[in-house]
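Order of the sequence lines sets the chain letters (A, B, ...), proteins ahead of strands, with each chain counted from 1.
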Amino acid sequence: MLKIYNTLARDKQEFVPIEPNKVGMYVCGMTVYDYCHLGHARVMVVFDMVYRWLKASGFDVNYVRNVTDIDDKIIRRAAENNESIYALTQRFIDAMHEDADALGVQRPDHEPRATQYVPEMLDMIARLEQNGLAYKAADGDVNFAVRKFDGYGKLSGKSLEDLRAGERVNVNDGKSDPLDFVLWKHAKEDEAAEVQWDSQWGRGRPGWHIECSAMGSKLLGPHFDIHGGGADLQFPHHENEIAQSEGAHQCSFVNYWMHNGFVNVDKEKMSKSLGNFFTIREVLKKYDAEVVRFFILRAHYRSPLNYSDAHLDDAKGALDRLYTSLKFSPSSGSGRTDLMDWNTPHAARFKAAMDDDFNTPEAMAVLFDLAAEVNRSQSVAAATQLKTLAGVLGLLQRDPVEFLQGGATVSGLDDAGINAQIEARTAAKQVRNFAEADRIRKELLEAGIVLEDSAAGTTWRRA
RNA sequence: GGCGAGAUAGCAAAAUGGUUAUGCAGCGGAUUGCAAAUCCGCCCAUCCCAGUUCGAUUCUGGGUCUCGCCUCCA
């Protein structure tokens with residue numbers, strides 16, 4: 001029985017899908033005007049893990065992750081670069097796919113772009129207007145009338161009074177209430193034609209929040225199971241999505257709201273505005289993508305995750321241990337979870353952990369226990385189970401030797417050079433010239449190559 | 001100021017009203033020419049103060065500290 005921490009309830013709840021065995025899941029994706037950083041990596045990896053576990057649990061999942069390809073920052077960046085927003089966003093969508101693929105993130109079933117759903121958004125705004133929840137302001141923007149919607153604040157736990165008392169809410173002249181948010185932005189004089197659409201309220205472009213409401217209901221229906229995103233989207237974005245969707249369709253919007261924690265740097269949220277971010281591709285120059293994925297899944301998805309080289313090094317060491325245990329039987333495991341017997345002790349423990357609000361750290365502890373078991377028994381069956389369970393997390397699917405020998409080449413040594421050195425050392429060992437053998441081993445170690453002798457011969461890996 | 005989350009060993013990170021987390025690091029042993037890897041064993045912990053309880057790291061209250069949201073943010 002799967003339990004999910006529902007932000008709406010502030011508690012773990014048993015997951016009951018609207019339609020038996022089917023799950024509709026929507027996750028807020030990227031705004032594509034720059035490269036993805038590690039914070040984006042966490043959202044992608046975390047919900048990829050959720051997607052995989054739901055599927056492994058037998059659900060037929062319809063996973064939607066949107067792309068925001070129209071907004072102020074995109075328009076500004078495109079203008080700075082003197083290129084079209086389409087060229088800019090396509091470039092960064094391609095880059096995002098490269099990063100996601102590297103991290104082992106499966107493609108969602110749908111990846112809608114905002115600019116392709118403007119008619120749906122306009123339709124939704126019209127419904128809101130008919131329902132008395134939207135109004136056109138003097139400045140030409142169409143706004144959502146927050147105080148006309150009962151229950152505004154139910155997701156974020158904020159009341160309109162509290163928000164109103166906040167010092168940081170800016171008063172906007174066009175809004176009848178400072179907390180109202182924009183649904184449709186009127187076109188500005190200097191804006192390019194490609195960022196303008198016709199509407200019954202005049203030319204303009206959509207506000208940020210409406211795209212997710214419109215695309216979510218179009219692809220998953222007005223009422224669906226799971227909606228996810230970073231914790232920073234809880235307010236105002238997701239709160240506003242609820243207001244728009246429920247206001248337009250007059251029915252419940254989402255049953256389970258999931259929010260992942262941030263990636264921190266020195267205990268502080270990694271963010272664009274603070275400038276303390278590392279892009280995924282930057283990190284991948286230094287660390288294997290699977291190490292990064294392992295690092296992300298090693299913490300519970302709702303906990304903060306502190307980024308540092310030391311922590312990545314630690315994750316590398318831990319993943320090395322798992323791969324090392326599989327070395328004796330490289331081809332073991334089909335990764336077929338449908339063939340998995342979930343009643344065996346390790347699998348049952350793994351399943352219980354994952355069913356408990358996706359407790360990946362506990363699930364990983366099972367992996368390590370299993371690895372120790374594999375090391376002891378050298379059992380192909382145990383190795384197969386390890387690989388299959390890890391596969392549910394998108395880990396451990398590569399050839400162990402390829403993983404252990406992979407990574408950045410610190411020295412100029414290539415495989416042939418390393419093997420030549422190993423042969424020279426073996427020859428020295430055969431004539432019991434251990435001084436020479438140790439010299440070679442030390443030399444390789446300084447180049448980041450660790451040698452391991454066994455009865456079957458000498459193998460190597462990167463430190 | 002309002003609202004919320006959290007404080008677990010050297011580091012990272014789960015869980016739990018009484019009994020091994022797990023990984024890395026450290027210590028001892030096995031193994032090895034010596035190592036590495038592996039195995040066996042060990043060390044190291046629950047922010048502070050009260051309360052509930054036979055028993056609290058876990059529940060309750062208070063305190064301290066940290067972080068997040070309230071503005072674009074994953």
Side-chain angles (χ1 to χ4, degrees), chain A residues 7 10 27-31 36-47 65 68 71-73 153 156-159 161-170 179 208 228-237 239 259-264 266-274 277 294-295 298-300 302-306 308 310-322 324-325 327-328 349 353 356 359-369 371-372 374-378 404 429 432-435 437-438 441-442 445 449-455 458-461 463:
Chain A
T7 305
R10 272 151 223 295
V27 171
C28 289
M30 308 321 131
T31 299
C36 293
H37 60 64
L38 238 35
H40 302 114
R42 191 174 191 190
V43 187
M44 291 195 285
V45 169
V46 160
F47 287 100
R65 188 186 64 208
T68 298
D71 97 316
D72 289 353
K73 286 176 189 163
S156 55
K158 297 176 188 303
S159 70
E161 290 67 38
D162 292 343
L163 288 164
R164 215 158 262 134
E167 296 158 4
R168 301 166 80 185
V169 174
N170 296 324
L179 296 170
W208 174 36
D232 46 1
L233 297 184
Q234 195 176 317
F235 188 89
H237 184 54
E239 195 68 65
H259 293 97
N260 66 276
F262 303 127
V263 175
N264 292 163
D266 294 327
K267 304 215 166 187
E268 202 170 38
K269 178 185 170 187
M270 180 181 288
S271 72
K272 288 271 191 186
S273 44
L274 287 170
F277 62 90
F294 180 90
F295 165 71
R298 216 180 171 200
H300 184 84
R302 283 188 282 115
S303 300
L305 178 62
N306 218 32
S308 74
H311 294 159
L312 267 294
D313 291 339
D314 200 55
K316 157 99 169 76
L319 193 54
D320 277 351
R321 177 171 166 79
L322 293 179
T324 300
S325 75
K327 253 170 86 176
F328 81 101
R349 201 145 69 85
D356 183 16
N359 191 341
T360 53
E362 175 65 21
M364 281 194 186
V366 176
L367 260 30
F368 283 98
D369 287 346
V374 169
N375 285 332
R376 275 189 296 267
S377 66
Q378 296 291 285
L404 293 166
K429 277 173 64 178
R432 299 190 68 79
N433 183 354
F434 295 121
D438 290 351
R441 185 170 63 196
K442 191 170 172 228
L445 183 62
I449 308 299
V450 179
L451 297 188
E452 295 174 351
D453 293 338
S454 75
T458 302
T459 57
W460 64 275
R461 66 181 165 88

Shortest side-chain distance from [X], nucleotide among [options]:
| X | options | answer |
| --- | --- | --- |
| Lys429(A) | rC24(B), rG33(B), rC72(B) | rG33(B) |
| Glu362(A) | rA74(B), rA21(B), rC70(B) | rA21(B) |
| Phe262(A) | rG33(B), rA74(B), rA12(B) | rA74(B) |
| Lys158(A) | rC70(B), rU38(B), rC40(B) | rC70(B) |
| Asn260(A) | rA35(B), rG23(B), rA74(B) | rA74(B) |
| Arg461(A) | rA36(B), rG33(B), rA74(B) | rA36(B) |
| Ala365(A) | rA21(B), rA12(B), rG33(B) | rA21(B) |
| Glu452(A) | rC3(B), rA36(B), rA12(B) | rA36(B) |
| Lys267(A) | rA74(B), rC67(B), rG33(B) | rC67(B) |

Quantified in whole Å, what is the [atom1] atom distance between nucleotide [N] and nucleotide [M]?
| N | M | atom1 | value |
| --- | --- | --- | --- |
| rC48(B) | rU8(B) | P | 11 Å |
| rC43(B) | rA50(B) | P | 29 Å |
| rG18(B) | rG23(B) | P | 23 Å |
| rG55(B) | rC67(B) | C1' | 34 Å |
| rC42(B) | rU20(B) | P | 11 Å |
| rG63(B) | rA7(B) | C1' | 13 Å |
| rA74(B) | rG41(B) | C1' | 45 Å |
| rA12(B) | rU19(B) | C1' | 25 Å |

Interatomic distance, [X] [atom1] vs [N] [atom2] [rounded to whole Å]:
| X | N | atom1 | atom2 | value |
| --- | --- | --- | --- | --- |
| Leu163(A) | rC69(B) | CG | C1' | 10 Å |
| Leu319(A) | rC24(B) | CG | P | 12 Å |
| Gln378(A) | rU31(B) | CD | P | 19 Å |
| Gln234(A) | rC70(B) | CD | C1' | 11 Å |
| Asn264(A) | rG6(B) | CG | C1' | 12 Å |
| Phe295(A) | rC24(B) | CZ | C1' | 14 Å |
| Leu179(A) | rC69(B) | CG | C1' | 14 Å |
| Leu445(A) | rC34(B) | CG | C1' | 14 Å |

Hey, does [X] reach any base, or is it just sugar-phosphate, or nothing, if we go heavy atoms under 4.0 Å?
| X | result |
| --- | --- |
| His300(A) | sugar-phosphate |
| Leu233(A) | sugar-phosphate |
| Gly29(A) | sugar-phosphate |
| Ser303(A) | sugar-phosphate |
| Met270(A) | base |
| Asp369(A) | sugar-phosphate |
| Val27(A) | nothing |
| Gly39(A) | base |
| Ala372(A) | sugar-phosphate |

Would you say [X] and [Y] make side-chain contact, with heavy atoms under 4.5 Å?
| X | Y | value |
| --- | --- | --- |
| Leu322(A) | Phe368(A) | yes |
| Lys327(A) | Glu452(A) | yes |
| Asp369(A) | Arg349(A) | yes |
| Phe277(A) | Lys272(A) | yes |

Problem set entry | Which residue lies more 5' along RNA chain B, comparing Asp453(A) with Val366(A) via nearest heavy atoms |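 On the 5' side of the pair lies Val366(A).
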Exercise. 5'-most contact on RNA chain B: Arg10(A) or Glu268(A), nearest heavy atom basis?
Worked result: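 Upstream on the strand: Arg10(A).
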Kindly say if [X] contacts the phosphate of [N], meaning a side-chain N or O under 4.0 Å from OP1 or OP2.
| X | N | result |
| --- | --- | --- |
| Arg302(A) | rA5(B) | no |
| Arg321(A) | rC39(B) | yes |
| Asn359(A) | rA14(B) | no |
| Arg376(A) | rC40(B) | yes |
| Ser308(A) | rC11(B) | no |
| Lys269(A) | rC69(B) | yes |

Please give the nucleotide sitting opposite [N] as a Watson-Crick or G-U wobble pair, both distances under 3.5 Å, or none.
| N | answer |
| --- | --- |
| rU31(B) | none |
| rC69(B) | rG2(B) |
| rG18(B) | rC54(B) |
| rC42(B) | rG26(B) |
| rA7(B) | rU64(B) |

Within the distance-only criterion (no hydrogens, no angle test), does the side chain of [X] pair as donor or acceptor with the backbone N or O of [Y] below 3.5 angstrom?
| X | Y | answer |
| --- | --- | --- |
| Asp71(A) | Lys73(A) | yes |
| Gln378(A) | Val374(A) | yes |
| His311(A) | Asn306(A) | yes |
| Glu239(A) | Ser156(A) | yes |

Problem set entry | Salt bridge present between Lys316(A) and Asp320(A) (N-O < 4.0 angstrom) |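 Yes, charged N to carboxylate O under 4.0 Å.
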Exercise. Is the ring of Phe368(A) stacked on the base of rG23(B), with centres less than 5.5 Å apart and planes under 30° off?
Worked result: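 Answer is no, no stack.
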Exercise. Around atom CZ of Arg432(A), are there more than 12 heavy atoms of other residues, nucleotides or ligands at under 6.0 Å?
Worked result: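 Counting other residues, nucleotides and ligands, CZ of Arg432(A) stays at 12 neighbours or fewer.
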Exercise. Is a donor-acceptor pair below 3.5 Å formed from side chain Arg441(A) to base rA35(B), judging by atom type as modelled?
Worked result: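 Check passes, donor-acceptor contact within cut-off.
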Exercise. Does any donor-acceptor pair link the side chain of Asp438(A) with the base of rG33(B) at a separation under 3.5 Å?
Worked result: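 Yes.
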